[in-house]
Amino acid sequence: MTNSSPDLAAWQSVPLPRPGDLRGRYTTLEPLNAARHSGALWEAMQGHDDLWRWMPASPAPGAEAMIAELEAWQQAAQALALAIVPADTGRAGGWAAFMRIEPAHGVIEVGNVMFSPALQRTRAATEAMYLMARHVFEDLGYRRYEWKCDADNSPSRRAALRLGFSFEGIFRQHRVVKGRNRDTAWFAMLDHEWPSRKRAFESWLDPANFERDGDQRQSLAALREGGKSTPSRGESSTS
């Protein structure tokens with residue numbers, strides 16, 4: 001069921017996201033800080049040049065260059081980058097950013113998502129996406145939360161659907177990235193959809209949803225649909 005014509009007579013602009021920690025059971029998101037996070041992020045990404053295939057930047061020659069480039073992008077894009085710090089390691093293993101922020105319309109995007117191999121397919125990765133969505137809808141009051149990716153980036157498209165974003169279409173010849181055409185796939189989650197997404201996230205993240213060996217009992221998609229699925233090892237998001 002859609003909500004195409006909500007009453008917005010009392011609508012007011014919402015706040016910009018401000019630097020601050022978002023804490024969960026399995027991870028904490030911290031505003032990106034070169035002194036605090038560069039070493040751990042460089043170690044996590046070093047030797048995995050394939051991770052940069054879909055990113056706007058290319059692999060950097062060192063930790064300082066990597067963080068400097070990310071900070072420059074953050075400033076140019078008027079974005080807020082957050083380091084993802086799993087509780088079991090205490091060291092940053094990736095990042096994600098709030099970007100393309102339009103407070104007057106209540107629209108914001110999660111983007112520039114980078115998960116190291118150690119972070120991929122973990123509870124910490126999924127919880128990071130849950131914490132960001134919860135902050136957007138519950139703390140800040142946004143109406144629309146977007147996810148965009150290269151239309152050829154199949155892992156990111158699967159992740160968007162798994163996390164509860166709805167596919168909205170392809171913007172053809174949307175951008176030129178690294179000397180090639182990029183068609184962009186658009187996904188979004190709306191404020192009235194969030195309560196059901198939230199329940200599914202919290203059920204999936206509950207320790208009771210996992211076997212001793214870490215296998216999930218029910219998938220996130222199945223929980224969102226109110227059904228059950230067979231266990232699947234280490235399900236989490238990648239992008």
Side-chain angles (χ1 to χ4, degrees), residues 13-23 27-46 48-49 51-86 91-116 119 125 128-129 131-137 139-150 153 156 159-160 165 171 174-182 184-188 237 239:
S13 180
V14 290
L16 289 166
R18 301 294 183 186
D21 292 355
L22 302 177
R23 297 185 180 275
T27 193
T28 298
L29 285 85
E30 304 172 352
L32 187 75
N33 179 281
R36 185 185 309 168
H37 302 125
S38 60
L41 287 173
W42 173 249
E43 290 179 15
M45 308 300 176
Q46 190 176 15
H48 300 286
D49 288 359
L51 296 174
W52 299 89
R53 178 181 178 186
W54 305 109
M55 302 298 284
S58 298
E64 292 183 2
M66 181 181 71
I67 296 298
E69 187 165 350
L70 182 56
E71 289 179 335
W73 168 85
Q74 182 177 203
Q75 183 174 2
Q78 297 182 313
L80 175 61
L82 301 171
I84 302 170
V85 184
R91 292 173 59 79
W95 65 75
F98 290 126
M99 53 188 286
R100 306 189 194 282
I101 306 165
E102 300 183 50
H105 303 291
V107 177
I108 190 169
E109 178 182 340
V110 55
N112 207 300
V113 180
M114 173 70 96
F115 293 163
S116 69
L119 183 60
M129 297 295 97
L131 291 171
M132 291 181 74
R134 187 180 70 180
H135 185 57
V136 162
F137 290 120
D139 299 333
L140 301 177
Y142 279 74
R143 305 172 58 235
R144 175 180 169 88
Y145 191 39
E146 297 180 337
W147 177 294
K148 304 184 188 79
C149 63
D150 191 306
N153 187 349
S156 186
F165 292 84
F171 275 33
H174 183 217
R175 302 180 66 191
V176 177
V177 179
K178 297 180 179 177
R180 59 178 291 272
N181 173 65
R182 167 174 150 160
T184 298
W186 285 56
F187 300 81
S237 62
S239 78

Identify which one of Ile108, Ile101, Leu80 satisfies the side chain to side chain contact (heavy atoms under 4.5 Å, CB included) criterion when paired with Leu16.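 Only match with Leu16 under side chain to side chain contact (heavy atoms under 4.5 Å, CB included): Ile101.
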
What is the distance from atom [atom1] of [X] to atom [atom2] of [Y], rounded to the nearest 0.5 Å?
X	Y	atom1	atom2	value
His37	Met66	NE2	CE	11.5 Å
Glu43	Arg91	CD	CZ	4.5 Å
His135	Leu140	NE2	CG	4.0 Å
Met129	Phe115	CE	CZ	4.0 Å
Ser13	Glu102	OG	CD	10.5 Å
Met55	Asn153	CE	CG	10.0 Å

Any idea which heavy atoms bring [X] and [Y] closest together, and the distance?
X	Y	answer
Ile84	Ala96	CD1-N, 4.3 Å
Trp147	Ala159	CZ2-CB, 4.1 Å
Glu69	Ala57	OE2-CB, 2.9 Å
Gly94	Met45	CA-CE, 3.8 Å
Gly93	Pro86	N-CD, 4.1 Å
Val14	Gly106	CG2-CA, 4.0 Å

Any side-chain heavy-atom pair of [X] and [Y] under 4.5 Å:
X	Y	answer
Leu119	Thr27	no
Ser38	Asn33	no
Tyr142	Pro17	yes
Phe98	Leu82	yes
Trp52	Met114	yes
Leu41	Leu32	yes

Flag yes if more than 12 heavy atoms outside Gln46 fall under 6.0 Å of its CD atom; otherwise flag no.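 Yes, because the 6.0 Å sphere around CD of Gln46 holds more than 12 heavy atoms from other groups.
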
Looking at Trp95 and Asn112, would you say the former's side chain and the latter's main chain have a donor-acceptor pair under 3.5 Å?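 Yes; at least one donor-acceptor contact below 3.5 Å.
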
Parallel, tilted or perpendicular: which fits the ring planes of Phe137 and Tyr145, with parallel below 30° and perpendicular above 60°?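 Perpendicular: the ring planes of Phe137 and Tyr145 meet at over 60°.
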
State whether Lys178 and Asp150 are salt-bridged, where the test is any N-O pair (Lys NZ or Arg NE/NH1/NH2 against Asp/Glu carboxylate O) under 4.0 Å.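 So Lys178 does not pair with Asp150 through a salt bridge.
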
Please determine if Glu30 and Arg36 form a salt bridge, counting it only when a charged side-chain N lies under 4.0 Å from a carboxylate O.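 Salt bridge: yes.
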
Can you list the residues that meet the side chain to side chain contact (heavy atoms under 4.5 Å, CB included) rule with Met99, with sequence neighbours excluded?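 Checked Met99 against side chain to side chain contact (heavy atoms under 4.5 Å, CB included); matches are Trp73, Ala79, Glu109.
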
